[in-house]
Engineer: 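Can you keep this structure in mind? I'll have questions shortly.
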Amino acid sequence: MTTYTVHAPPVSATGGASEADRMIFVKDGFCWPALIIPVIWMLYRRMWIVLCFYALFAVAIELAGRFLGAPTATALGILGALYLGVEGNTLRRWTLARRGFAERAVVDGRSIAEAEIRFFHRPASAASEVDKAAAGSAAGPVARPSFSTDIVGLFPTPGTTR
């Protein structure tokens with residue numbers, strides 16, 4: 001099964017579209033369109049900042065090709081494309097967070113349609129817990145822990161340092 005993160009749109013006055021219609025499901029995993037057709041994928045997903053960084057990367061690859069040779073530039077280009085394929089959906093989540101979308105849940109499904117069904121038809125208790133957590137995170141600052149944050153080591157006891 002594939003895991004999807006569910007992102008709710010920012011609260012605003014929309015022209016007739018309900019919040020459920022504007023929910024976005026982002027797959028957690030490799031993004032083939034980002035590997036094969038990165039510019040078209042970024043334009044389609046409206047990832048302008050990521051596209052600007054990709055253009056800077058392409059210029060850097062061109063300069064590397066001129067100064068370091070074609071094999072080095074080719075290797076860097078392949079590594080950059082693989083990175084974009086692996087982290088493409090993470091960059092999409094980052095773009096959605098910058099636009100004000102809130103991550104509501106994580107659901108599993110064989111396809112996006114099955115993930116949508118599981119999300120919208122989940123038990124009321126699970127839905128209210130997610131909504132309470134989202135409302136609590138937007139309500140105000142989180143209380144600080146009572147123990148010291150100076151923890152050293154793999155499995156230390158909070159508040160003890162050596």
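Basis for what follows: all heavy atoms, side chains included, without hydrogens, waters or symmetry-related copies.
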Engineer: Is any side-chain heavy atom of Met42 closer than 4.5 Å to a side-chain heavy atom of Leu84?
Structural biologist: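 Answer yes - side chains close enough.
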Engineer: Could you tell me the separation between the CZ atom of Arg46 and the CG atom of Leu96, rounded to the nearest 0.5 Å?
Structural biologist: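 Nearest 0.5 Å value for the CZ-CG distance: 9.5 Å.
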Engineer: What are the two closest heavy atoms between Gly88 and Trp41, and how far apart are they?
Structural biologist: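 Nearest heavy atoms, Gly88 then Trp41: O-CH2, 3.3 Å.
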Engineer: Does any pair with a residue in residues 106-119 pass salt bridge (charged side-chain N to carboxylate O under 4.0 Å, His left out), and if so which ones, sequence neighbours excluded?
Structural biologist: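 For residues 106-119, and leaving out neighbouring residues, the salt bridge (charged side-chain N to carboxylate O under 4.0 Å, His left out) pairs sorted by first residue read Arg110-Glu114, Glu114-Arg118.
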Engineer: Quick check for you: to the nearest 0.5 Å, what is the distance between Tyr44 atom OH and Ile40 atom CD1?
Structural biologist: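 Nearest 0.5 Å value for the OH-CD1 distance: 12.5 Å.
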Engineer: Identify the heavy atoms of Arg104 and Ala8 that sit nearest to each other, and give their distance.
Structural biologist: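 Closest heavy-atom pair between Arg104 and Ala8: CG-CB, 3.5 Å.
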Engineer: Test of understanding: clusters of I, L, V, M, F, W, Y form through side-chain heavy atoms closer than 4.5 Å, transitively. Do Leu82 and Ile61 belong to the same one?
Structural biologist: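 Different clusters.
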Engineer: Can you find a pair of side-chain heavy atoms, one from Met47 and one from Tyr54, that are under 4.5 Å apart?
Structural biologist: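 Side-chain contact under 4.5 Å: no.
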Engineer: I need the full list of salt bridge (charged side-chain N to carboxylate O under 4.0 Å, His left out) pairs touching residues 65-87, with sequence neighbours left out, sorted by first then second residue.
Structural biologist: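 Listed by first then second residue: Glu62-Arg66.
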Engineer: Report the distance from atom CG of Leu43 to atom CH2 of Trp48, rounding to the nearest 0.5 Å.
Structural biologist: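 Between Leu43 CG and Trp48 CH2, I get 5.5 Å after rounding to 0.5 Å.
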Engineer: Can you measure from CG (Leu63) to CG (Leu68) and round to the nearest 0.5 angstrom?
Structural biologist: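 Between atom CG of Leu63 and atom CG of Leu68 there are 9.5 Å.
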Engineer: Decide yes or no for Ile117 and His121: does some side-chain heavy atom of the first lie under 4.5 Å from some side-chain heavy atom of the second?
Structural biologist: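 Ile117 vs His121: side chains touch.
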Engineer: Is there side-chain contact between Tyr4 and Ile112, with heavy atoms separated by less than 4.5 Å?
Structural biologist: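 Answer yes - side chains close enough.
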Engineer: When you group the ILVMFWY residues by side-chain heavy-atom contacts below 4.5 Å and let the links chain together, are Leu91 and Ile49 in the same group?
Structural biologist: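 Yes.
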Engineer: Can you tell if the side chain of Leu79 reaches within under 4.5 Å of the side chain of Tyr83, non-hydrogen atoms only?
Structural biologist: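 Answer no - side chains too far apart.
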Engineer: Is the closest side-chain heavy-atom distance between Arg22 and Pro10 below 4.5 Å?
Structural biologist: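 They are in contact (side-chain heavy atoms under 4.5 Å apart), so the answer is yes.
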Engineer: Which heavy atom of Phe57 sits nearest a heavy atom of Gly80, and at what distance?
Structural biologist: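 Smallest interatomic distance, heavy atoms only, reads CZ-CA, 3.7 Å.
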Engineer: So, taking the atom named CD1 in Ile24 and the one named OG1 in Thr95, what distance separates them when rounded to the nearest 0.5 Å?
Structural biologist: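 OG1 of Thr95 is found 10.5 Å from CD1 of Ile24.
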Engineer: Answer yes if Val86 and Ile78 sit in the same cluster of Ile, Leu, Val, Met, Phe, Trp and Tyr residues linked by side chain heavy atoms under 4.5 Å apart, and no otherwise.
Structural biologist: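 Shared cluster, yes.
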Engineer: Indicate yes or no: at least one non-hydrogen side-chain atom of Asp28 is less than 4.5 angstrom from one of Thr5.
Structural biologist: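 No. Closest side-chain heavy atoms not under 4.5 Å.
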Engineer: Are Met23 and His7 close enough that some pair of their side-chain heavy atoms sits under 4.5 Å apart?
Structural biologist: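 Heavy-atom side-chain distance check fails, nothing below 4.5 Å.
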Engineer: Check step by step if side chain to side chain contact (heavy atoms under 4.5 Å, CB included) holds for Val106 and Val6.
Structural biologist: CA-CA 6 Å; Val106 177; Val6 183; over 6 Å; no
Engineer: Are there over 12 heavy-atom neighbours, none belonging to Arg98, within less than 6.0 Å of that residue's CZ?
Structural biologist: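 Result for CZ/Arg98: open.
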Engineer: So which pairs with a foot in residues 18-39 pass ring-ring contact (aromatic ring centres under 6.0 Å, His included), sequence neighbours left out?
Structural biologist: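 Qualifying pairs: Phe25-Phe119, Phe30-Trp32.
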Engineer: Hey, is the main chain of Lys27 close enough, under 3.5 Å, to the side chain of Asn89 for a donor-acceptor pair?
Structural biologist: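 Here the side-chain-to-backbone pair exists.
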